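These figures come from a predicted structure and were not determined experimentally. Counting starts at 1 for both ligands and their atoms, in listed order.
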Amino acid sequence: MLNVLVCVSGGGTNLQALIDAVKDGRIRNARITAVISNNRSAHALERAKQNDIDAVCLSPKDFGERAAFNRALLEMVDSYAPDLIVLAGFLVNIPPEMIRAYPNRIINIHPSLIPSFCGTGYYGLKVHEAALARGVKVTGATVHFVDEGTDTGPILLQKSVEVHADDTPESLQRRVMEEAEWILLPKAVDLIAAGKVEVVDGKAVIRQE
Ligand code: GAR
């Protein structure tokens, strides 16, 4: 059974997609052991509590120095001994020590087709604003392993989504969530729990059998 720790900052709809998929069997051999938020008012914390999942808040604002927050975050993560860490809308830079402690065991969902509209400054609604400003006709979402760069790790899954002429950032964000994110993230966790994913030469490989 894969122990999954989910890190969140906001509404937690991707967390909800994971909770629902564990319940209805789309994710097998995994359980969500805890949810960590950097934001005390994140609705994701409520979603965790409603489902009897440990929910903790750890905010950089409560620590004088970033290094102290980073240490506390790693200690908190270690205390749950996770097999997999899922960043589900976690808007905190993951400390390098944590990435080194969990190589190829941290995945992130990003609301674009990487390498478009990703990297520093591209998060949440900003990603969709940039896609609309560029006039792309297709966007989507990506699940990737986390390395020490920003959105640079091995790509595990991607799914495209059509952009409509009358889209607003909000309507596009919603469609990307519904048609891509809430499908891809549970699928990624199920594949990893089934032992079907490995990283070879910096690329994620999915074994089909
Ligand atoms: C999601 O769209 C996720 O892809 C995005 O934040 C949103 C969180 O929504 N993540 C990033 O932009 C990371 N760079 P949620 O809290 O409802 O799951």
query = For ligand 1, which atoms, with element, lie under 4.0 Å from some heavy atom of G124?
reply = 11 (C), 12 (O)

Shortest protein heavy-atom distance from atom 16 (O) of ligand 1, along with the residue and atom involved = G12 N, 2.7 Å

ask   = Which residue owns the protein heavy atom closest to atom 11 (C) of ligand 1, what's the atom, and how far is it?
value = P111 CD, 3.6 Å

ask   = Should we say atom OH of Y80 is surrounded by more than 12 heavy atoms from elsewhere, each under 6.0 Å from it?
value = yes

query = Does a sphere of radius 6.0 Å around CD in E170 hold more than 12 heavy atoms from other residues, nucleotides or ligands, not counting ones at 6.0 Å or beyond?
reply = yes

query = Does ligand 1 have an atom that lies less than 4.0 angstrom from a heavy atom of V8?
reply = no

request  = For atom 10 (N) of ligand 1, state which one of I109, L87, T142 supplies the nearest heavy atom.
outcome  = I109

remark   = The atoms of ligand 1 lying under 4.0 Å from a heavy atom of T13, numbered in the order shown, are 15 (P), 16 (O), 17 (O), 18 (O)

ask   = Quick one: does ligand 1 sit under 4.0 Å from the side chain of M177, the backbone, both or neither, non-hydrogen atoms only?
value = side chain

ask   = In terms of atom number and element, which parts of ligand 1 are under 4.0 angstrom from non-hydrogen atoms of N14?
value = 1 (C), 18 (O)

message = As a quick check of understanding, evaluate side chain to side chain contact (heavy atoms under 4.5 Å, CB included) for Y102 and V146, giving each step before the final call.
response = CA-CA 9 Å; Y102 294 91; V146 173; over 6 Å; no

task = Give a yes or no on whether L5 and I53 share a hydrophobic cluster (residues Ile, Leu, Val, Met, Phe, Trp, Tyr; joining criterion: side-chain heavy atoms under 4.5 Å apart).
result = no

ask   = Are I106 and V199 joined in one hydrophobic group, where the rule is that I, L, V, M, F, W and Y side chains link up if heavy atoms are under 4.5 Å apart?
value = no

request  = Please check if atom CZ in R66 has more than 12 non-hydrogen atoms from other residues, nucleotides or ligands closer than 6.0 Å.
outcome  = yes

task = Check the hydrophobic clustering (I, L, V, M, F, W, Y; side-chain heavy atoms under 4.5 Å; chains of links allowed) and say if M76 and I85 are grouped together.
result = yes

task = Give yes or no for whether the N/O distance cutoff of 3.5 Å, strictly under, is met between D151 and ligand 1.
result = no

ask   = Who's the nearest protein heavy-atom neighbour of atom 14 (N) of ligand 1, and how far?
value = H110 ND1, 3.2 Å

query = Take atom CG in D166; do more than 12 heavy atoms of anything else shown fall under 6.0 Å from it?
reply = yes

task = Please answer: with hydrophobic residues joined when any side-chain heavy atoms are less than 4.5 Å apart, are V6 and I107 in the same cluster?
result = yes

key: Contacting atoms of ligand 1, where contact means under 4.0 angstrom from a heavy atom of Y122   = 14 (N)

key: Proximal atoms of ligand 1 relative to E181 (non-hydrogen, under 4.0 Å)   = 1 (C), 2 (O), 3 (C), 4 (O)

remark   = A student checking ligand 1 against G89 at a 4.0 Å heavy-atom cut-off should list atoms 6 (O), 8 (C), 10 (N)

